[in-house]
Number of protein chains: 2
Amino acid sequence: MTDLEDERAATTPRRRDAAKTRQLLLDAALQRFTRDGYSATTVRDIADDAGVNVALISRYFKSKEGLFEACLTSSVDEVKRTTGDSPLSRTPEAIARQIAGPCTKGLPHHLVLLLRSSGDEGADRIRLNLLRSYAERLAAAVGGSADDEGMLLRAQVVLAAAAGIALLRTKSGLEPLASATEEDLVPPLRDLVDALLKPH
Amino acid sequence: MTDLEDERAATTPRRRDAAKTRQLLLDAALQRFTRDGYSATTVRDIADDAGVNVALISRYFKSKEGLFEACLTSSVDEVKRTTGDSPLSRTPEAIARQIAGPCTKGLPHHLVLLLRSSGDEGADRIRLNLLRSYAERLAAAVGGSADDEGMLLRAQVVLAAAAGIALLRTKSGLEPLASATEEDLVPPLRDLVDALLKPH
DNA sequence: TTTTGAAGTCAACGGATGTTTACTAAGCGA
DNA sequence: TCGCTTAGTAAACATCCGTTGACTTCAAAA
């Protein structure tokens, strides 16, 4: 109460900020959808996590489907932003570390979200586009030519493997996989990437 | 109509056969749960697929959860039956071929079901047990000792990769992965298995 | 043929879910 | 300060979901 004016002076945090609550909903939805899947999460769950009224989901995203699509595009944007439009890390070591990284921290893995389905056609299109571009850049990063179908297939296998690992790690308590550290996980993953994406 | 008596004489196909309808429900549920996941599947969907009344699910399996658990144990039994209690195929080639098999049947199908979750504790225990035993046998098949944590982790990574590939193949239309033939898929997978499970 | 227990049907229930509507209140410009 | 736009709230609605209980029908035993 006393420093309310200071806060307002600092960043103008309006008590009612549409952009802010929209982002809160998006973050909460991302976690829920990634962890529990689309149909297992309710809009009330998301709203409660965000500390926000349920009706605001319909207002800001039109529907649960719309919120899910927003999560997907948000994930797309973040991947594009963090990795830029440059090719992915070139060494198998770096790729392996990228796969193992988010899992070992608390972060929801983008690849796991891509395994979730809402049954909606628009969402499926977004998902497919991201998967495609990801695989293509992965193939290009190790020197595969654009029209090398074999290398593209191998890149997609790497992607699928990474997604499966992330999913199994978080969803099942399979030990030692579930609580393996990044250091534990990188060597096998490096071997995996190395074997699948070697330029030969 | 004419050979009705022959049928009855042959296998006694009672018009009302509890075991038969139970199996119909189990088959339909297996397909639905594997393809759409637990919470996206309704008991009415399953009953309709099986051509059976909805109430019979509660009768024969007590609940939707019970039906899901029955699916899991059925999957466990079939895996045990097809692969026997003998160690898995020893060569990376054979393992790869098993992973690359038809997604609508066989090992990939079962692995995808294992990625599905109902949130129920009993179901999770069943799933975990199957995953564990599978990983252990996979580690043993390539000569890993029972207490080699590193090799066990690598076997679990192979398992997770196989599951992810199966899931991505069936759920997303990612090409060329989605419609890759077994022959297309075996070489990369052989490399994958080889790199992860080499005895060294 | 009659009886009896099991197999299957039907309709309704309580509850949860996504969405909408009518309403309140806060912030900003005039 | 007043008024208007917009953020947020509360409650209800319509629908769907899993489950239950009473009823009917079939087939095998007596």
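Below, chains carry the letters A, B, ... as their sequence lines are ordered, and counting in each starts from 1. Side chains included, hydrogens not; waters and symmetry mates left out as well; all remaining heavy atoms used.
- No donor-acceptor pair under 3.5 Å is formed between the side chain of B:Arg154 and the backbone N or O of B:Leu197.
- Residue B:Thr42 places none of its side-chain N or O atoms closer than 4.0 Å to OP1 or OP2 of D:dC16.
- Going from atom CZ of B:Arg127 over to atom CG of A:Leu168 covers 9.5 Å, rounded to the nearest 0.5 Å.
- Phosphate contact (OP1/OP2 of D:dG8, side-chain N/O of A:Thr21, threshold under 4.0 Å): present.
- Atom-to-atom distance recorded for B:Leu67:CG and B:Leu56:CG is 12.0 Å, nearest 0.5 angstrom.
- Here C:dA25 presents its C1' atom at 14 Å from CG of A:Leu56, a figure rounded to the nearest Å.
- The NZ-C1' distance, from B:Lys62 to D:dG18, rounds to 14 Å in whole Å.
- Here the side chain of A:Arg169 pairs no donor or acceptor atom with the backbone of B:Ala160 at under 3.5 angstrom.
- Ring planes of B:Phe33 and B:Tyr38: parallel class, angle under 30° (limits at 30 and 60°).
- A:Arg116 places no side-chain N or O within donor-acceptor distance of the main-chain N or O of A:Ser39, the cut-off being under 3.5 Å.
- In this structure, the CG atom of A:Leu25 is 12 Å from the C1' atom of D:dG8, given to the nearest Å.
- Side-chain contact between B:Pro176 and A:Leu152 is present, with heavy atoms from C-beta onward closer than 4.5 Å.
- Here the P atom of nucleotide D:dT6 and the OH atom of A:Tyr60 are 11 Å apart, to the nearest Å.
- Near DNA chain D, defined here as any heavy-atom distance below 4.0 Å, the residues from residues 30-41 of chain B are B:Thr41, listed numerically.
- Salt bridge absent: A:Glu69 and A:Lys64 never bring a charged side-chain N and a carboxylate O closer than 4.0 Å.
- Between the P atom of D:dT20 and the CZ atom of B:Phe61 lies a distance of 15 Å, rounded to the nearest Å.
- Of the residues in residues 63-75 of chain A, those placing a heavy atom less than 4.0 Å from an atom of DNA chain C are A:Ser63, A:Lys64, in numerical order.
- Of the N and O atoms on the side chains of A:Asp77 and A:Ser74, not one donor lies less than 3.5 Å from an acceptor on the other residue.
- Remark: C1' of D:dG8 and CD1 of A:Ile57 are 14 Å apart, rounded to the nearest angstrom.
- One can place CZ of A:Arg22 at 13 Å from P of D:dG8, the figure rounded to the nearest angstrom.
- Atom pair B:Arg16:CZ and D:dC26:P shows a separation of 6 Å (rounding to whole Å applied).
- Side-chain atoms of A:Glu93 do not come within 3.5 Å of backbone N or O of A:Arg190 as any donor-acceptor pair.
- The stretch residues 43-55 of chain A touches DNA chain C through A:Val43, A:Arg44, A:Val54, A:Ala55, each having a heavy atom within less than 4.0 Å of the strand.
- Residue B:Gln31 places its CD atom among 12 or fewer non-hydrogen atoms of other residues, nucleotides or ligands, all under 6.0 Å distant.
- Between C:dT20, D:dG8, C:dA7, one nucleotide has an atom nearer to the side chain of B:Arg59 than all others, and that is C:dA7.
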